[in-house]
Asks: 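Pasting a structure here, questions to come.
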Amino acid sequence: MWVRTDGAFRLARAESLIAAVSDHPTPGVVFRDLTPLFADAEAFSVVVDAIAEPFAGRFDVVAGLEARGFLLAGAVAARTGTGVLPIRKAGKLPRETVAESYDLEYGRATIEAHRDDLPPGVRVLLLDDVLATGGTLAAALRIGERLEWDVVGCGVVLELDALAGRDALDSRVVSVFHV
Ligand SMILES: O=P(O)(O)OC[C@H]1O[C@H](OP(=O)(O)OP(=O)(O)O)[C@H](O)[C@@H]1O
Ligand SMILES: Nc1ncnc2[nH]cnc12
């Protein structure tokens with residue numbers, strides 16, 4: 001059997017693995033679940049490459065947003081030989097943090113980073129699975145600004161265009177897929 005292995009086909013196959021779940025976690029929300037994509041070795045690999053490629057050679061550390069951003073950040077960091085940093089939901093990090101709060105499509109949250117994990121001026125790539133309203137990444141950018149990181153950009157696997165999250169970000173955001 002002949003199997004197409006070109007990049008566009010591999011990306012289209014990865015995109016087809018994203019599940020849409022109606023009314024989760026609250027009525028009216030169509031939740032985009034990337035766990036089937038992440039669980040597929042070939043799809044995860046092509047997405048990890050696609051999210052890192054636009055920023056190649058321009059970052060020292062990948063910061064992942066809890067929780068699904070952690071999966072991407074660790075994989076991109078290992079593949080590119082860079083460090084990885086967790087930006088966590090409030091109350092999880094044990095040492096002194098900088099925190100920022102934000103609104104989500106379905107609630108409100110606070111994220112934090114350790115104050116001294118990274119030196120000022122470090123080149124940071126922010127990664128998450130989904131860009132919805134942009135509240136999460138905007139809060140991460142504010143943390144980066146307060147800690148004097150050089151944020152080179154934001155990468156997400158899936159951008160929900162209708163929620164216009166891109167408008168909330170003053171930094172370049174690259175999306176592998178749009179819906
Ligand atoms: O662009 P926004 O409107 O900020 O939404 C995007 C964020 O929402 C989801 O995380 P969620 O807060 O549900 O947390 P989780 O990954 O811990 O489940 C998603 O993984 C992003 O982090
Ligand atoms: N619709 C959605 N699907 C997945 N993650 C989200 N984060 C915010 N809105 C979301």
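These numbers come from a predicted model, not from an experiment. Index from 1, following the sequence. Order of appearance sets the numbers: ligands from 1, and atoms from 1 within every ligand.
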Asks: By number and element, which atoms of ligand 1 are closer than 4.0 Å to a non-hydrogen atom of Ala67?
Replies: 15 (P), 16 (O), 17 (O)

Asks: Do Leu169 and Ile143 sit in the same hydrophobic cluster, where Ile, Leu, Val, Met, Phe, Trp and Tyr count as joined when their side-chain heavy atoms come under 4.5 Å apart?
Replies: yes

Asks: For ligand 2, which atoms have a heavy atom of Leu160 less than 4.0 angstrom away?
Replies: 1 (N), 2 (C)

Asks: Identify, for atom 9 (C) of ligand 1, the protein heavy atom at the shortest distance, and state residue, atom and that distance.
Replies: Arg68 NH2, 3.4 Å

Asks: Applying side-chain contact (heavy atoms from CB on, under 4.5 Å), run through Asp49 and Arg79 and close with a yes or a no.
Replies: CA-CA 8 Å; Asp49 281 343; Arg79 190 160 291 184; 2.6 Å; yes

Asks: Tell me whether ligand 1 is touched by Ala109 - counting only heavy atoms on the residue side and a distance under 4.0 Å.
Replies: no

Asks: Select the closest option to atom 14 (O) of ligand 1 among Glu66, Arg32, Lys89, judged by heavy-atom distance.
Replies: Lys89

Asks: Numbering the atoms of ligand 1 from 1, which are under 4.0 Å from a heavy atom of Gly134?
Replies: 1 (O), 2 (P), 3 (O)

Asks: Return yes or no for this condition: an N or O of Val30 is under 3.5 Å from an N or O of ligand 2.
Replies: yes

Asks: Please verify the inter-ring angle class for Phe31 with His24; under 30° counts as parallel, over 60° as perpendicular, anything in between as tilted.
Replies: perpendicular

Asks: Considering only heavy atoms of Tyr106, which atoms of ligand 1 have at least one such atom less than 4.0 Å away?
Replies: 8 (O), 9 (C), 11 (P), 13 (O)

Asks: Begin with the C-alpha distance, continue with both residues' side-chain angles, and end with the deciding distance and a verdict on side-chain contact (heavy atoms from CB on, under 4.5 Å) for Leu147 and Arg115.
Replies: CA-CA 7 Å; Leu147 292 176; Arg115 188 175 280 284; 4.0 Å; yes

Asks: Given Leu131, Leu104, Val130, which one has a non-hydrogen atom that is nearest to atom 8 (O) of ligand 1?
Replies: Leu104

Asks: When you measure from the heavy atoms of Asp128 to every atom of ligand 1, does any distance fall below 4.0 Å?
Replies: yes

Asks: Which ligand 1 atoms, with their elements, are less than 4.0 angstrom from a heavy-atom of Gly135?
Replies: 1 (O), 2 (P), 4 (O)

Asks: Under 3.5 Å between any N/O of Asp103 and any N/O of ligand 1: does that happen in this structure?
Replies: no

Asks: Specify the protein heavy atom at minimum distance from atom 7 (N) of ligand 2: its residue, its atom name, and the distance to 0.1 Å.
Replies: Tyr106 OH, 3.1 Å

Asks: Take a 6.0 Å sphere around NZ of Lys92 and say whether it holds more than 12 heavy atoms from other residues, nucleotides or ligands.
Replies: no

Asks: Looking at ligand 1, does any of its N/O atoms fall within less than 3.5 Å of an N/O of Ala132?
Replies: yes

Asks: With heavy-atom distances below 4.0 Å as the criterion, list the atoms of ligand 1 near Asp129.
Replies: 19 (C), 20 (O), 21 (C)

